[in-house]
Amino acid sequence: MQPSYIPISQVFSQDQRFTVPLFQRPYVWNKEEQWEPLWDDILGVLGRLRAREDSAVVASHFLGTIVLEQKPTATGNLPRREVIDGQQRLTTLQILLKAVEHAISSQLGSSEGDSKKAIDLAKRQIAKLTANDASEEEIYKVWPTNEDRAPFKAVMDCDTMNTSIAAGRMAEAYVFFHDAAQDFLNKGDPAEMARILSEAVRNYMRLIVLDLDQGDEPQAIFETLNAHGTPLLPADLIKNWLLWEAARQKLDVTQLYETYWRLFDRDHDYWRARVGTGHAARARIDTFLQNWLSKETGEAISPKHLYDRFLKHAENLKSQDEGFSVLELMASIHSDALRYIRIDLPKGNSRFDLFLERLKRLGSVVFYPLLLEVIARSETDPTEADKFGVSLESYLVRRLVCGAQTRSYGSLTLTILKSVRAQDKRPVNEVLDEVLTSLDGSDEWPSDEEFRRNWVSRKFYGYFKRDRVLMILQAIEHSFQSSNGKVEPLMSFDWSQLQIEHIIPQAWESHWPLPEDVLPEDRKSGIQGIGNLTLVSKKLNPSLSNGPWIDHENGKPGKRSGLNDNTMLIINRKLLDRYRDGFCDSAISARADQLFAVAKDLWPR
């Protein structure tokens, strides 16, 4: 490698192209972590230049290192160097230069004479660093990876500051740097400030440029450079390996990328969004690949060792098949990515999709590797997945209500996954039922008796997460609506607009006198039980509030009238029909039993 320590004016002054290969990640720099610190560094140089006396030496600022590989070009084309490392930095510098050029240009209208000439010179000094003397795509000095080309062109092609381009991360970077440069220019004489700003960004911001020799291995260098401190995702390293391997196998890398990997870069905001909480939070694409690899290997995969385990898996595939093709590996990842989206964003109307929606609210993400396998195996017969969903949902809900431990769910996932794969001729739902019914001890599938005992006696509200209680009540409502073939077709609800309502309110003292045979502590416990809970709309909830069940003597409506006039939910119609004359503490237990009859069939053992 041949290193050079040079200002960015020297990097961009020649007519040449810096192209970003497909294996690179999309543009991910942001205001807080990169743009603001970069501008702060520029302000530091500007301060030193303004304070310089005569010809005193002014310290430059080191921007970091970029690694380039010279690529052959056809006769008549501009020289091309491929960016092995540093594409985020080079792309940002081009956007910065364009923003500074426009900010300086905006000073021309209010200037004249020598001042105008000086400003125009500063603008032209910057402008020649942002475009090659060429046509079509060769005009761009930096040419990003596929998904970033359109937003990059939108920024680099605009003639002046144009707020209409401000959509997307690159446009946001442009607006940030333009506003920052404009603010600096407005703090002094326009000509002098333009001169200093041009000089600072051109000559005092420096890079180390490493040009690879012919014998250097770009992939190994890329991985080494990004192994220490650079926030590169494991998914970026996996993408890098796949595309380099495809090139080694002399496959059509561009076609493979477009067919099997592009969706990750196209839906950047979805796949690179961080999911999870605290130290467990990571990019969604890494979470998906962790689940995919666990499904493929049948082993628990640590997110910290995701890339290493991927390499081991790839090497195992190579050792098992001399004709190993990376195409099949990329196709597997792509197919499971589509299945993962279905799991993560369930939108269908099947029983399995309903299970997926409830599973998200239960928070049992450890089952995702198993679900990827189940969806793949049941694509020819979706009823298998429907039955599978009913059984696993029953197992999880019953154990939730019974307060059972969840720490073994990770190992249980792998046990079921191995059984499904070992018995690939059997329906997946039959394999699941066989595994679940064989469990005992702390892993047992609760019986009807145990389920009922906990259902009628346990505090639901305040003990379980509120969204899980909502899920249970909504599942009961869904069951009411779908089980009776004589009623109108199932109504479509925006479930997010429903809230939990206590029939006997939590603040009961003013409106619900305590009967002589009921102790205060018994009521306080009972009102949090499932028998005292129902669903109401967000708008209706405040009007019901702490009111009594029966209407006030002064004519003010009670809860019964409020529900009767405003609810279409069957769970509430049944409540109103059964308790027309009053609702009391003993009714809580009776209604819990009534709801259990539904729950037992909804989540069968």
Side-chain angles (χ1 to χ4, degrees), residues 1-27 63-94 97 128-150 152-153 156-157 207-226 232 236-262 265 325-327 330:
M1 284 187 285
Q2 302 171 13
S4 302
Y5 182 55
I6 55 178
I8 63 174
S9 61
Q10 192 171 334
V11 174
F12 293 127
S13 61
Q14 300 180 39
D15 283 343
Q16 63 176 327
R17 303 176 68 215
F18 300 94
T19 59
V20 181
L22 283 173
F23 65 75
Q24 295 275 15
R25 59 181 168 174
Y27 187 69
L63 290 168
T65 302
I66 60 173
V67 181
L68 307 171
E69 182 183 22
Q70 188 72 46
K71 288 294 183 180
T73 53
T75 302
N77 288 355
L78 293 182
R80 182 170 73 90
R81 298 160 92 181
E82 195 162 85
V83 183
I84 303 304
D85 192 64
Q87 61 113 344
Q88 304 281 331
R89 188 170 285 106
L90 285 175
T91 303
T92 302
L93 289 174
Q94 279 291 293
L97 289 169
K128 69 179 183 179
L129 303 181
T130 63
N132 292 317
D133 183 12
S135 60
E136 298 182 352
E137 69 179 46
E138 284 200 330
I139 195 174
Y140 305 101
K141 290 185 176 290
V142 173
W143 193 232
T145 191
N146 297 38
E147 289 303 315
D148 285 335
R149 288 173 186 171
F152 182 73
K153 287 178 63 178
M156 302 306 293
D157 289 351
L207 293 161
I208 288 180
V209 179
L210 295 176
D211 284 297
L212 299 187
D213 297 324
Q214 279 193 336
D216 293 328
E217 176 53 57
Q219 179 191 349
I221 291 170
F222 174 81
E223 293 181 9
T224 301
L225 287 171
N226 288 285
L232 204 65
D236 296 321
L237 294 173
I238 290 173
K239 172 188 176 183
N240 168 44
W241 186 93
L242 289 168
L243 295 177
W244 276 109
E245 180 65 20
R248 192 188 67 78
Q249 294 183 13
K250 301 188 184 308
L251 301 174
D252 187 338
V253 175
T254 300
Q255 183 61 40
L256 282 178
Y257 169 82
E258 291 288 333
T259 304
Y260 298 120
W261 195 272
R262 187 183 177 193
D265 293 339
S325 170
V326 73
L327 184 152
M330 293 184 70

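Quick note: residue numbers are just sequence positions, from 1.
Residues passing the side-chain hydrogen bond (donor to acceptor under 3.5 Å, both in side chains) test with T145, sequence neighbours excluded: none. By the side chain to side chain contact (heavy atoms under 4.5 Å, CB included) test, A134 pairs with L78, N132, E138, sequence neighbours left out. Residues forming a side-chain hydrogen bond (donor to acceptor under 3.5 Å, both in side chains) with R89 (at least two apart in sequence, or on another chain): none. Applying the ring pair (Phe, Tyr, Trp, His ring centres under 6.0 Å) test to Y140 and every residue at least two apart in sequence or in another chain returns W143. Partners of S325 according to the side chain to side chain contact (heavy atoms under 4.5 Å, CB included) rule, which considers only residues two or more places apart in sequence or in another chain, are Q249, L251, L327. Remark: E258 pairs with N146, R262 by the side-chain hydrogen bond (donor to acceptor under 3.5 Å, both in side chains) rule, at least two apart or across chains.
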**Report entry** Test side chain to side chain contact (heavy atoms under 4.5 Å, CB included) applied to V20 and D148, step by step
**Finding:** CA-CA 10 Å; V20 181; D148 285 335; over 6 Å; no
**Report entry** Residue pair E137, K153: steps toward the side chain to side chain contact (heavy atoms under 4.5 Å, CB included) verdict
**Finding:** CA-CA 9 Å; E137 69 179 46; K153 287 178 63 178; over 6 Å; no
**Report entry** Derivation of the side chain to side chain contact (heavy atoms under 4.5 Å, CB included) call for V11 and F18
**Finding:** CA-CA 10 Å; V11 174; F18 300 94; 3.8 Å; yes
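For the atom pair OG1 (T65) and CG (D85), the distance works out to 8.5 Å, reported to the nearest 0.5 Å. Summarising the geometry, atom CZ belonging to F12 is positioned 9.5 Å from atom CD1 belonging to I6; distances are rounded to the nearest 0.5 Å.
For the residue pair R80 and T73, no side-chain donor N or O sits within less than 3.5 Å of a side-chain acceptor on the partner.
Annotation: side chain of K141 is not in contact with side chain of L97 (no heavy-atom distance under 4.5 Å).
Looking at every heavy atom in both residues, L90 comes nearest to V83 through CD1-CG2, 3.8 Å.
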